[in-house]
Amino acid sequence: MWSHIKDKGIKLPKITAEEIDKKVGPVLRAMEKEGILLNVSLLNDLAQKTEIRIAKLEKEIHKIAKSDFNIGSPVQMAEVLFTKLKLPTSELKKTKTGFSTAASELKKIEKEHKIIKPILEYRELSKLLSTYLLPLPKMVDKQSRLHTTYGQDTTTGRINSNNPNLQNIPIKGEWGEEIRKAFIAGPGNVLISADYSQIELRVVACLAGDTTMIEAFSNGIDIHTKTAAEIFNTELDKVTKNQRRIAKTVNFGVLYGMSPYGLSQALSISQEDAAKYINKYFETHTGIKKYCEDTALYAKKNGYVETLFGFKRYFTNLNSPFRNVAESERRMAINAPVQGTAAEILKLAMIELNNKLKTKNYQLSTTKMLLTIHDEIVLEVPKKEVNKIANLVKEIMEKTVLLCVPIEVSVSTGKSLGDLTDL
DNA sequence: AACTAGGCT
DNA sequence: GTATAAGCCTAGTTG
């Protein structure tokens, strides 16, 4: 599917998707066995604080509602908000059972009633408590290390993680940082985190041969700022923060086949404005536009799409008479080569890194890969070796696969996942 | 087990 | 007129 791309000066290791998966398997098994050190008492303290806060919020919500309903029950929540308190529902999405009480919907009516704010905070905290703070301390081994199980997703090509999932450790908000501080390096060690910068956008720039994006990446220009300048008809140095934020959503949205409606929902803007931005985007990025059309057409014709290394994803409903079904598959077909190729680049880097760490230069090091989170690798490294290992990791991640745009990796380090600073 | 919600990339 | 952003895992409620 990509033979025309491979002529264009990119350099790929001679290996198939199947071989990548086979080789990354043992690397994942080693990472599982190693495990990441958890500061259990820190999490327990946080759990206690959170429980106290949740109890307060519960009382407050019940008092405002004048009803001791179960806040964890969406049905009872909808009953209280929309029947008892008669909050407006005109802007709200519906679920199969009634009006949605999801956070994204409640935010739309936050100003209508003082009950919404405590509900949102209650929801946030009870999620953190029940999914992270309470279960994780119970799952550590005798050395206080937490072991996940990695799997290889057979429809996307990504690596997944379960029991516990270490790919969705909270990071947003003040609580996110606190929780991350419990994921620590052992004595004498530090953690290194190495992140691909906008790997999926770089991949699609290359797969699509989008000249605008290729030029931006090649010149080290911030891609979201560049897109903002394009859709708002302005200069790079005149782009505002808000414009950049919108452009960032557009950039990612396009990868997922986002519609004007979806963009308007995500940004709380009008559908007209959303449509304007998307149109403008495709005017400038003709390569991306063509990629979307060509990929959807290829999928329809052949029943599958594939990644740069030949991982296939099959589709059976692209011609479904149910338009939403067909359109959903169309979006998957457009996204799959991008997400899948990015996953292959990461897996190849992990394999290469694992091999390098076994060679003479590094065989005495106790450096261990611990986590892999879609575009990121986390390692535990002896303090004295931080610079040496950081350079190695960066070099391998950036150079194992050479696309037609540079691949950039940012490296940070710290005693815990909650206090990583750029290197 | 279905449904809703919400954590992450 | 209808639905509308890719993917993963986990937890609580309900029947």
Side-chain angles (χ1 to χ4, degrees), chain A residues 69-78 93-106 119-120 122-136 139 148-173 175-176 179-180 193 195-201 203-204 249-267 271 274-275 278 292 295 305 313 321-340 342-343 346 371-377 417:
Chain A
F69 69 106
N70 183 345
I71 305 171
S73 162
V75 178
Q76 294 180 38
M77 176 67 75
K93 283 187 184 165
K94 280 193 154 181
T95 65
K96 289 180 184 176
T97 44
F99 288 108
S100 169
T101 70
S104 59
E105 303 308 300
L106 295 188
I119 288 172
L120 293 173
Y122 176 98
R123 285 256 185 85
E124 180 192 358
L125 294 186
S126 53
K127 175 69 179 181
L128 298 180
L129 186 68
S130 68
T131 308
Y132 306 99
L133 298 176
L134 294 179
L136 293 183
M139 300 175 87
T148 184
T149 303
Y150 289 111
Q152 302 199 54
D153 190 88
T154 51
T155 58
T156 64
R158 275 186 167 190
I159 292 164
N160 55 32
S161 158
N162 67 70
N163 190 29
N165 184 356
L166 294 184
Q167 292 180 324
N168 71 344
I169 305 302
I171 191 169
K172 294 173 188 162
W175 295 88
I179 293 176
R180 286 203 164 216
S193 161
D195 270 78
Y196 284 109
S197 151
Q198 287 124 22
I199 186 67
E200 292 197 354
L201 289 173
V203 165
V204 77
T249 307
V250 172
N251 272 328
F252 288 116
V254 164
L255 287 181
Y256 307 144
M258 195 184 232
S259 66
Y261 173 83
L263 186 63
S264 75
Q265 290 288 305
L267 293 172
Q271 244 175 278
I278 292 175
C292 293
T295 305
V305 296
R313 177 160 176 182
F322 303 102
R323 221 205 292 174
N324 53 341
V325 174
E327 282 177 357
S328 166
E329 281 216 345
R330 181 176 184 276
R331 292 193 295 270
M332 294 178 205
I334 290 168
N335 179 262
V338 182
Q339 193 178 112
L346 178 84
L371 306 179
T372 170
I373 315 167
H374 308 308
D375 62 356
E376 177 186 8
I377 300 173
L417 287 185

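Note on naming: letters A, B, ... go to the chains in the order of the sequence lines (proteins, then strands), and numbering restarts at 1 for each one.
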Trainee: Record whether the side chain of A:Ser73 comes under 3.5 Å of the base of C:dT13 through a donor-acceptor pair of N or O atoms.
Mentor: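 Answer no: no donor N or O sits under 3.5 Å from an acceptor.
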Trainee: Under a 4.5 Å cut-off applied to non-hydrogen side-chain atoms, are A:Leu371 and A:Ile169 in contact?
Mentor: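 Side-chain contact under 4.5 Å: no.
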Trainee: Rounded to the Å, how far apart are A:Tyr261 OH and C:dA5 P?
Mentor: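 Between P of C:dA5 and OH of A:Tyr261: 8 Å.
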Trainee: Taking the side chain from A:Thr131 and the backbone from A:Lys127, do they hold a donor-acceptor pair closer than 3.5 Å?
Mentor: yes
Trainee: Test side chain to side chain donor-acceptor pair (under 3.5 Å) on A:Thr148 and A:Ser161 and set out the steps.
Mentor: CA-CA 6 Å; A:Thr148 184; A:Ser161 158; 2.8 Å; yes
Trainee: In whole Å, what is the span from the CG atom of A:Asp153 to the P atom of C:dA6?
Mentor: 15 Å
Trainee: Do A:Glu376 and A:Tyr196 have side chains that approach each other closer than 4.5 Å (heavy atoms only, starting at C-beta)?
Mentor: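 No, every pair of side-chain atoms sits at 4.5 Å or beyond.
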Trainee: Side chain to side chain contact (heavy atoms under 4.5 Å, CB included) with A:Leu255: which of A:Val203, A:Val338, A:Ile334?
Mentor: A:Val338
Trainee: Counting side-chain heavy atoms from C-beta on, which of C:dC8, C:dA11, C:dA5 comes nearest to A:Thr156?
Mentor: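 For A:Thr156, the side-chain atoms sit closest to C:dC8.
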Trainee: Is the phosphate of C:dC8, meaning OP1 or OP2, less than 4.0 Å from a side-chain N or O of A:Asn162?
Mentor: no
Trainee: So what does A:Ser161 touch, heavy atoms closer than 4.0 Å: a base, only the sugar-phosphate, or nothing?
Mentor: sugar-phosphate
Trainee: Work out how far the P atom of B:dC3 is from that of C:dA3, and round it to whole angstrom.
Mentor: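 About 16 Å, rounded to a whole number of Å.
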Trainee: How many whole angstroms separate atom CG of A:Asn335 from atom P of C:dA5?
Mentor: 13 Å
Trainee: May I have the distance from A:Tyr150 (atom OH) to C:dG7 (atom C1'), rounded to whole angstrom?
Mentor: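 Checked: the OH to C1' distance equals 17 Å.
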Trainee: Does the pair A:Glu200/A:Arg158 count as a salt bridge with the N-to-O cut at 4.0 Å?
Mentor: yes
Trainee: Give the rounded distance in Å between these two atoms: CG of A:Asn324 and P of C:dG1.
Mentor: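 That distance rounds to 17 Å.
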Trainee: Map A:Lys93 and A:Asn163 onto DNA chain C by nearest heavy atom, then report which one ends up closer to the 5' terminus.
Mentor: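 Closer to the 5' end of DNA chain C: A:Lys93.
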Trainee: If the P atom of B:dT4 is compared with that of C:dT4, how far apart are they to the nearest Å?
Mentor: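 Each nucleotide's P atom is 13 Å from the other's.
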Trainee: Would the distance check show the side chain of A:Asn160 and the main-chain N or O of A:Gly151 forming a donor-acceptor pair, the cut-off being under 3.5 Å?
Mentor: yes
Trainee: Can you measure A:Ile334 atom CD1 to C:dG7 atom P for me and round it to whole angstrom units?
Mentor: 12 Å
Trainee: Do A:Asn251 and A:Thr249 meet the criterion of a side-chain donor-acceptor pair at a distance under 3.5 Å?
Mentor: no
Trainee: Which part of the nucleic acid, if any, lies within contact of A:Pro260, taking any heavy atom under 4.0 Å across all strands shown: a base, the sugar-phosphate backbone alone, or nothing?
Mentor: nothing
Trainee: Assign a letter to each nucleotide of nucleotides 3-9 of chain B from its 5' end: B, base within under 4.0 Å of a protein heavy atom; S, sugar-phosphate only; -, no contact.
Mentor: SSSBBSB
Trainee: Give a yes/no on whether any side-chain N or O of A:Arg331 is located under 4.0 angstrom from OP1 or OP2 of C:dA5.
Mentor: no
Trainee: Taking atom C1' of C:dA6 as reference, at what distance in whole Å does atom CD of A:Glu200 sit?
Mentor: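 My rounded result for the distance is 8 Å.
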Trainee: Base, sugar-phosphate, or nothing for A:Arg330, non-hydrogen atoms under 4.0 angstrom?
Mentor: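 Counting heavy atoms under 4.0 Å across all strands, no contact is made by A:Arg330.
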Trainee: Between atom CD in A:Gln76 and atom C1' in C:dT13, what is the gap in whole Å?
Mentor: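 Going from CD in A:Gln76 over to C1' in C:dT13 covers 9 Å.
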